[in-house]
A.B. asks: 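This structure is in structure tokens; I'll ask about it shortly.
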Amino acid sequence: MKNDNGGGEKPPFSYPVKVGNISANAVTVKLEADARELAGLAKLWQVVSVVSLKAELQIARWKKDGVRLKGWVEADIVQSSVVTLEPVASTINEQVEQIFVPEGSKLARIVSDTAEMVIDPDGPDLPEMFTGDTIDVGEVVAEFAALAIDPYPREPDAEFADHLEGDADEKSGRPNPFAVLKDWKKD
């Protein structure tokens, strides 16, 4: 994740937060994507459209140098069904929890110096490192939403037709290209 905003292309949904302005007391931030941002996210996520993207986050300091984001992200998207290619609407509702530590800090060295880690899949994610003095909270929200997109969307009642690859060759009379391998191990 890039959080340095030093050149490069600006992400479609961006909300930079200056780390120096974050206090130990959590501040609530509500974000909502506008039409231009929604179109950019649809292109980035390769979906038909993103109807809405909203988030509510608590942003606070974490262990002096770090930053902690906690809250939720909600999005309504439209994708093409993998069965019929018809539009399929879905809603994403994900919890967001991410800790950021500055590159070069003692906390970052602990994360990067660990040669062998045991990661609990249900536990919190490892802290992300950031450079500079800004974290793009909008990019974090977009990333959490993107990770929740169904990679194989389809209508609830849509099913693939019963079709086995082997059946087509038998019906069509074409030789099965793997038939030459059937006696391969018998010698």
A.B. asks: Taking Glu139 for its side chain and Asp136 for its backbone only, find out whether a donor-acceptor pair lies under 3.5 Å.
C.D. replies: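 Side chain of Glu139 to backbone of Asp136: no pair is present.
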A.B. asks: If you define the side chain from C-beta out and look only at heavy atoms, does anything of Val47 sit under 4.5 Å from Val78?
C.D. replies: no
A.B. asks: Looking at Ala24 and Ala60, what are the two nearest heavy atoms and their distance?
C.D. replies: O-CB, 3.8 Å
A.B. asks: Side-chain contact, heavy-atom cut-off 4.5 Å: Glu143 with Val140?
C.D. replies: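 Not in contact.
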A.B. asks: How many angstroms lie between atom CG of Leu44 and atom CD of Glu37, to the nearest 0.5 angstrom?
C.D. replies: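 Answer for the CG-CD pair, Leu44 versus Glu37, is 12.5 Å.
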A.B. asks: Between Ser49 (side chain) and Val51 (backbone), is there a donor-acceptor pair under 3.5 Å?
C.D. replies: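 Judged by distance alone, no pair lies under 3.5 Å.
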A.B. asks: Are Phe144 and Ile92 joined in one hydrophobic group, where the rule is that I, L, V, M, F, W and Y side chains link up if heavy atoms are under 4.5 Å apart?
C.D. replies: yes
A.B. asks: Looking at side-chain heavy atoms only, is the closest gap between Leu53 and Leu41 below 4.5 Å?
C.D. replies: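 Contact flag for Leu53/Leu41 side chains = yes.
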A.B. asks: For residues Glu155 and Ser81, is any side-chain donor paired with an opposing acceptor at under 3.5 Å?
C.D. replies: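 A pair is found: one side chain offers a donor N or O, the other an acceptor, under 3.5 Å apart.
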A.B. asks: Are Ile77 and Val48 connected in a single hydrophobic cluster, I mean Ile/Leu/Val/Met/Phe/Trp/Tyr linked by side-chain heavy atoms less than 4.5 Å apart?
C.D. replies: no
A.B. asks: Can you name the nearest heavy-atom pair linking Pro153 to Ser80, along with the distance?
C.D. replies: CG-O, 3.3 Å
A.B. asks: Show your working on side chain to side chain contact (heavy atoms under 4.5 Å, CB included) between Thr134 and Val19 and close with a plain yes or no.
C.D. replies: CA-CA 6 Å; Thr134 305; Val19 174; 5.9 Å; no
A.B. asks: Quick check for you: to the nearest 0.5 Å, what is the distance between Lys18 atom NZ and Ile135 atom CD1?
C.D. replies: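 Answer for the NZ-CD1 pair, Lys18 versus Ile135, is 11.5 Å.
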A.B. asks: If I take atom CD from residue Gln98 and atom CG from residue Leu69, how far apart are they, to the nearest 0.5 angstrom?
C.D. replies: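 So the CD of Gln98 and the CG of Leu69 are separated by 7.5 Å.
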A.B. asks: Write out all pairs satisfying side chain to side chain donor-acceptor pair (under 3.5 Å) with one or both partners inside residues 68-78, taking only residues at least two apart or from two chains.
C.D. replies: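 Counting only pairs at least two positions apart or across chains, the side chain to side chain donor-acceptor pair (under 3.5 Å) contacts touching residues 68-78 are Ser52-Asp76, Arg68-Glu97, Asp76-Thr91.
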A.B. asks: Is any side-chain heavy atom of Val67 less than 4.5 Å from a side-chain heavy atom of Trp62?
C.D. replies: no
A.B. asks: Are any of the side-chain heavy atoms of Val83 and Tyr152 separated by less than 4.5 Å?
C.D. replies: no
A.B. asks: Under 3.5 Å, side chain of Arg61 to main-chain N/O of Ile22, donor-acceptor pair present?
C.D. replies: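 Yes.
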A.B. asks: Checking side chain to side chain contact (heavy atoms under 4.5 Å, CB included) for the pair Thr28/Glu56: CA distance, chi angles, key distance, verdict?
C.D. replies: CA-CA 7 Å; Thr28 300; Glu56 184 172 314; 3.8 Å; yes
A.B. asks: Between Asp150 and Gln79, which heavy-atom pair has the shortest distance, and what is it?
C.D. replies: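 Heavy atoms of Asp150 and Gln79 come nearest at O-NE2, 2.9 Å.
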A.B. asks: Does the side chain of Glu103 come under 3.5 Å of the side chain of Thr131 through a donor N or O and an acceptor N or O?
C.D. replies: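 On atom types as modelled, these side chains do not qualify, holding no pair under 3.5 Å.
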A.B. asks: How close do Ala146 and Trp45 get, heavy atom to heavy atom, and via which atoms?
C.D. replies: CB-NE1, 3.3 Å
A.B. asks: Can you tell me how far the CZ atom of Phe13 sits from the CZ atom of Arg36, to the nearest 0.5 Å?
C.D. replies: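 Between Phe13 CZ and Arg36 CZ, I get 10.5 Å after rounding to 0.5 Å.
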A.B. asks: Measure across Ala26 and Gln58 and return the closest heavy-atom pair with its distance rounded to 0.1 Å.
C.D. replies: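 Scanning both residues completely, I find the closest heavy atoms to be CB-OE1, 3.5 Å.
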A.B. asks: Which heavy-atom pair separates Phe130 from Pro102 by the least distance, and what is that distance?
C.D. replies: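 Residues Phe130 and Pro102, closest heavy atoms: CE2-N, 3.4 Å.
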